[in-house]
> 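For reference, the structure I am asking about is given below.
We name chains A, B, ... by the order of the sequence lines, and we start the count at 1 in each one. The analysis underlying the following values was restricted to heavy atoms, covering all of them including side chains, and did not include hydrogens, waters or symmetry mates. Note that the coordinates shown come from a computational prediction; the quantities given were computed from them, not determined experimentally.
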Amino acid sequence: MSDQTIATKKEITFSFPDGSTRTYPSGITGVEIAESISGRLAREALSITVDNTVFDLHRPLTTGGKITINMWDDEDGKMAFWHSSAHILAEAVEALYPGVKLGIGPPIEQGFYYDIDFGDTHVSSDDLPKIEAKMVELARQKNQFERFEISKEEAISHYREKNDPYKLDLLEGLEDGTISFYKQGNFTDLCRGPHIPDTGRIKAIKLLNTAGAYWRGDNASKQLTRIYGISFPKKSMLDAFLHQLEEARKRDHKKLGPQLGIYMIDRMVGSGLPMWLPKGTTLRRTLEAFLRDEQIRRGYDEVITPHIGNLELYRTSGHYPYYKDSQFAPMQIDDEGYLLKPMNCPHHHRIYDNEMRSYRDLPVRLAEFGTVYRYEQTGELNGLSRVRGFTQDDAHIYCTNDQLKQEIKHCIELTQFVFSTFDMPVDIRLSFRDANDEKYGGERKLWDRAQQEIREAADEMDLVYKIADGEASFYGPKIDFIIHDALGRKWQLGTVQVDYVMPERFDLTYVGSDNQKHRPVIIHRAPFGSMERFTSILIEHFAGNFPLWLSPQQAVIIPVSEQFNELAESYRSQLQEIGIRVKADLRGEQIGAKIRNAETNKIPYMLIVGEKEKENQSVSVRKHKKGDIGSFNFSEFLSIIKKEVDEKVLPDQDPAPQA
RNA sequence: GCCGAAGUAGCUCAGCUGGUAGAGCAACGCUCUCGUAAAGCGUAGGUCGUCGGUUCGAAUCCGAUCUUCGGCUCCA
C-alpha cells in the first residue's frame, strides 16, 4: 500500500452508497470525509471501506473508489469494533498478568476472543470480572489506535525480545513490507487492522467465558486459554444482548426437551444415546409422516434396512477404514466383521443393484428414516443435537446425467417446502470443489458438469445463493441449506449432494436406450438432516410452543368441578374421534391450578366446561399464551381445531377464531 | 480426546471456616366441588454422582473416576 506517501495536490473521487460522488484532496482520512458530511457521522463512524478494503478512519486515503463509512450496523464497522475490543482485552490481561504470551484475537460473529498462554497461571471464569473491570478502565482512557508499519526483521526482533513464540510463528507466514502494528495505550500488537479510532467508543464490555483452544486449531500443538467477550457502543445494547442470551438459555432444548417429555438421556443406557419419550415420539412420528407423505407424492419409494451391515459393505463404500475413528468398533459374528451402520447409503446402493435397471425406470428414489450410529468424542455430545445414535431422513436418487438437473431442482423444492412449513428462512450455499484435486474423487469432467447444473438449477429457480469453494464433500458438490431460527441463529441442516464415486465403487449400472450399460449418478439428500438435531432446533425455534399440528398433546378438557367430569369425558372422546390428541383433566384440583398446569405444559387448547357449557353443548376455549378466546358451539369448535391442524397453522400467524 | 466449570429429594435451590442434611414445587392421603396461571392440612421421599484417602468425626478437605455444561479438535 502506498498510503504512507505524503499526500500530493492530487485529487481523488469517492462514490457513496447513495450513488453521489465527491472529490477530496489525496491523503484525506475517513474521519475527515465523515466530518464533511455530518458531525454525528464522524462521531459514530467506526471504519471506512474503499472498494471492498476496510481502512482505519485515520488512515490517509490516496486512491478513490466506492466507499462506505461503516457504522455499528455495518458488518465491517462491527468487526473493527470487536477487533479493537480484543486488543483492549489483551492490554488488560498483559497489565494484570505480566509475562503472558499472546496468540490471536479476532472478532467473531458475536463478539471477539483472545487466545492467551498464561503459563502456569490458571485463569477461569472467576477471574473474568477483574479483567473486565480493567478493560472498562482502559476503554475510558480513550486511547487512539495508532497504526505503523515496520520491517519483518524489526518485528521478529521485537517478539524475540518479548519471547513470544506465537507471534513469531505468525510472522513466519508474513511477507516483509506488509507487516503492521497497532498501538493503543501501553499495548502494541502485530495486527493487520483495521481498528476503530479510539477505545472510548467502547462503552459496554462483557467477558462471557473461557475455554481451551489449540494454537492454530491444531490438536497436536499447545492449548491456550481462550477468553470470549462482547462489547457495544451503548450500555443498552449490552443489556439487550444479555437478555437475548437469557432467552436462548430458557429455550435450550436440553432443558425444555426433558421438561416437556420429549426425550431423556440415561447414563445406564449410555451417553449420546437419547431415548424418545411418548410425547417426543408423537412429535417425531408427526414430522416423519409429514415428510413421508410429501415424498410419496413426489415419487419416492420407502425402504427399511437393518442397523448393521457386513464390514465388506463399508470396505466397498470406502467408509471403512477411512472413518474408523468415528465409528463404533466392528463386531465379530461367525468369523465375519459387522459394523453398526454409520450411514444408510451402502444398503440403498445394494437395493438399487438388486435388479436390472432400465433407463425407463430412472430416476429411482429410495427413502428411509434410517438410524445410524457414529462414535462422537465425549466432549462433542450435546443433548439431542450431537448424539451417537440418530435417524436421518435419508434418500438416494439414482438418475441419469441428463436427469440430474431436474432431480436437483426437485430436492431443492422439497427442502424449501419443508422449511417454509416451519417459517424458517433459509440461506443456500453451493459447496463446490477447490483447486486441491487430491481432496476429491470422481472424474473432473463430471464434477464440472454437476457444478454447472447445480448453478443452473439454482438460477432457474431464482434462488439467492453463495458459492463456497472447497466445501464440497469428497464424492461430489453439494447444496447446503442454512436455516435461521426464531432467535436469528443459523443452523446448517439439509443437504443435497451429488455423488459420482459410489456408483463406481458399487458398480451400479442401468441399461440405456442404446442397449449399453451406463453409470447412474446418485443424489444424497436429507431435508431435516437428522430427526434428533432437527427436533432440538424445533424446540428452541418455537420455545416449546409447538404449532398445533406438532404438539404432542393438542388439547386438555378442564371441567369446572367434578360434577362435569362426564361432559368432559364425552367431549374428549368426540375430539379423539376426529384425531385430536386430547386428555381430560379430571383431578380434584381447582380450575386455576388445572389451567396453570396446562399453560406450563404448553398445551395449545384448554377447553373449559361447566354448567353453561352443559346447558347449550358449548365449550369455553382458552388458548395457550393468549388466554380466554370465548365460547363456541362444541361441534363448531371441532371443525375449527381440525382445520388448524390440517393447515399446519403456525403459532404466531394464528388466525384466532373469533367468538 | 484436550482446556475449564459443575454434580445435595423427581424439579429449583439452601447448607458459613469439617460436628453425621433443609425449604418450595411435584408425588401420595384427607378435606374443599370450585369459571380462566398455584385451595388447606397431613404423609412419604436423600448412603449429598461413585470409589478411595486425611480425621475422633467428611455433603464440606485431598486424590481418582463417571456424568453434565461452556469451548477446542472432528463431523461420510
> So which nucleotide from B/C72, B/G35, B/A37 ends up closest to the side chain of A/Ala213?
B/C72
> At 4.0 Å (heavy atoms only), tell me whether A/Glu613 reaches a base, stays on the sugar-phosphate, or touches nothing.
base
> I need the CG-P distance between A/Asn219 and B/C2, as an integer number of Å.
11 Å
> Within the modelled atom types, does a donor on one side and an acceptor on the other bring the side chain of A/Tyr214 and the base of B/G71 under 3.5 Å apart?
no
> For residues 111-119 of chain A, please give each side-chain donor-acceptor pair under 3.5 Å, one per line with the distance, not counting sequence neighbours.
{"residue": "A/Tyr114", "atom": "OH", "partner": "A/Lys167", "partner atom": "NZ", "Å": "3.1"}
{"residue": "A/Tyr114", "atom": "OH", "partner": "A/Asp189", "partner atom": "OD2", "Å": "2.5"}
{"residue": "A/Asp115", "atom": "OD1", "partner": "A/Arg226", "partner atom": "NE", "Å": "2.7"}
{"residue": "A/Asp115", "atom": "OD2", "partner": "A/Arg226", "partner atom": "NH2", "Å": "3.0"}
{"residue": "A/Asp117", "atom": "OD1", "partner": "A/Gly119", "partner atom": "N", "Å": "2.9"}
{"residue": "A/Asp117", "atom": "OD2", "partner": "A/Tyr166", "partner atom": "OH", "Å": "2.7"}
{"residue": "A/Asp117", "atom": "OD2", "partner": "A/Lys222", "partner atom": "NZ", "Å": "3.4"}

> Could you give the distance separating B/C30 and B/U67 at their P atoms, to the nearest angstrom?
44 Å
> With both distances under 3.5 angstrom, what nucleotide forms a Watson-Crick or G-U wobble pair with B/G29?
B/C41
> Is a donor-acceptor pair below 3.5 Å formed from side chain A/Gln377 to base B/C74, judging by atom type as modelled?
no
> Please report, rounded to the nearest Å, how far the P atom of B/C74 is from the OH atom of A/Tyr322.
12 Å
> Go through the side-chain N and O atoms of A/Ser385 and A/Ser536 and say whether any donor and acceptor fall under 3.5 Å apart.
no
> Looking only at side-chain atoms of A/Ala211, point me to the closest of B/A76, B/G71, B/G35.
B/G71
> Across all strands shown, which nucleotide pairs with B/A5 by Watson-Crick or G-U wobble geometry, both distances under 3.5 Å?
B/U68
> Expressed as a whole number of angstroms, how long is the span from A/Ile608:CD1 to B/A37:C1'?
11 Å
> Applying a 4.0 Å non-hydrogen cut-off, can you work out what A/Tyr228 is touching in the nucleic acid: base, sugar-phosphate, or nothing?
sugar-phosphate
> Is there a donor-acceptor contact under 3.5 Å linking the side chains of A/Gln497 and A/Tyr475?
yes
> Relative to the 5' end of RNA chain B, which residue comes earlier, A/Lys255 or A/Gly592, by the nucleotide with the nearest heavy atom?
A/Lys255
> How far does the C1' atom of B/C48 sit from the matching atom of B/A21, given to the nearest Å?
8 Å
> Would you classify A/Asn382 as touching base, sugar-phosphate or nothing, given that sugar-phosphate means primed atoms plus P, OP1 and OP2, and contacts are heavy atoms under 4.0 Å?
sugar-phosphate
> Going by the salt bridge (Lys or Arg N to Asp or Glu O under 4.0 Å) test, name the single residue among A/Lys625, A/Lys623, A/Lys594, A/Arg622 that passes it with A/Glu599.
A/Arg622
> Do nucleotides 25-34 of chain B as a string where each nucleotide becomes B, S or -: B if the base has a protein heavy atom under 4.0 Å, S if just the sugar-phosphate does, - if no protein is that close.
-------BBB
> In whole Å, I'd like the distance from the CD1 atom of A/Ile595 to the P atom of B/A37.
6 Å
> Less than 3.5 Å apart, any donor N or O on the side chain of A/Tyr605 or A/Glu644 sitting next to an acceptor on the other?
yes
> Contact class for A/Leu381 (heavy atom, under 4.0 Å): base, sugar-phosphate, or nothing?
sugar-phosphate
> From C-beta outward on A/Arg267, which listed nucleotide comes closest to its side chain: B/C66, B/A76, B/A37?
B/C66
> Which one is paired to B/C48, where only Watson-Crick or G-U wobble pairs with both distances under 3.5 angstrom count?
none
> Could you please name the option among B/G71, B/C74, B/A37 that lies closest to any side-chain atom of A/Gln223?
B/G71
> Contact class for A/Gly383 (heavy atom, under 4.0 Å): base, sugar-phosphate, or nothing?
sugar-phosphate
> Less than 3.5 Å between a donor and an acceptor, one on the side chain of A/Thr210 and one on the base of B/A5, is that the case here?
no
> Could you give the NZ-to-C1' distance, from A/Lys341 to B/A76, as a whole number of Å?
14 Å
> To the nearest angstrom, how far is A/Arg386 atom CZ from B/G71 atom P?
13 Å
> When you get a sec, tell me which of B/C72, B/A76, B/A38 is the closest nucleotide to the side chain of A/Gln327?
B/A76
> A/Asn209 near the nucleic acid: base, sugar-phosphate alone, or nothing, with a heavy-atom cut-off under 4.0 Å?
sugar-phosphate
> Cut-off 3.5 Å, no hydrogens considered: what does the side-chain donor-acceptor table look like for residues 319-328 of chain A, sequence neighbours left out?
{"residue": "A/His319", "atom": "ND1", "partner": "A/Ser317", "partner atom": "OG", "Å": "2.7"}
{"residue": "A/Ser326", "atom": "OG", "partner": "A/Tyr323", "partner atom": "O", "Å": "3.2"}
{"residue": "A/Gln327", "atom": "NE2", "partner": "A/His319", "partner atom": "O", "Å": "3.3"}

> Tell me if the CZ atom of A/Arg429 is crowded by more than 12 foreign heavy atoms within 6.0 Å.
yes
> Would you mind reading off the distance between A/Trp215 atom CH2 and B/C72 atom P, rounded to a whole angstrom?
16 Å
> Any base atoms under 4.0 Å from A/Lys594, or only sugar-phosphate, or nothing? Heavy atoms, all strands.
nothing
> Between A/Glu247 and A/Lys250, is there a side-chain N and carboxylate O pair less than 4.0 Å apart?
yes
> Quick one: on RNA chain B, does A/Gly217 or A/Lys478 contact a more 5' nucleotide (nearest heavy atom)?
A/Gly217
> How close or far is atom C1' of B/A76 from atom NE2 of A/His524, stated in whole angstroms?
9 Å
> How is A/Gln259 classified with respect to the nucleic acid when contacts are heavy atoms under 4.0 Å: base, sugar-phosphate, or nothing?
nothing
> Tell me, yes or no, whether the heavy-atom count around A/Lys254 atom NZ, taken from other residues, nucleotides or ligands under 6.0 Å, exceeds 12.
yes
> What nucleic acid atoms does A/Arg622 come within less than 4.0 Å of, heavy atoms only: base, sugar-phosphate, or nothing?
base
> With rounding to the nearest 0.5 angstrom, report the CG to CD distance, A/Leu384 to A/Glu540.
9.5 Å
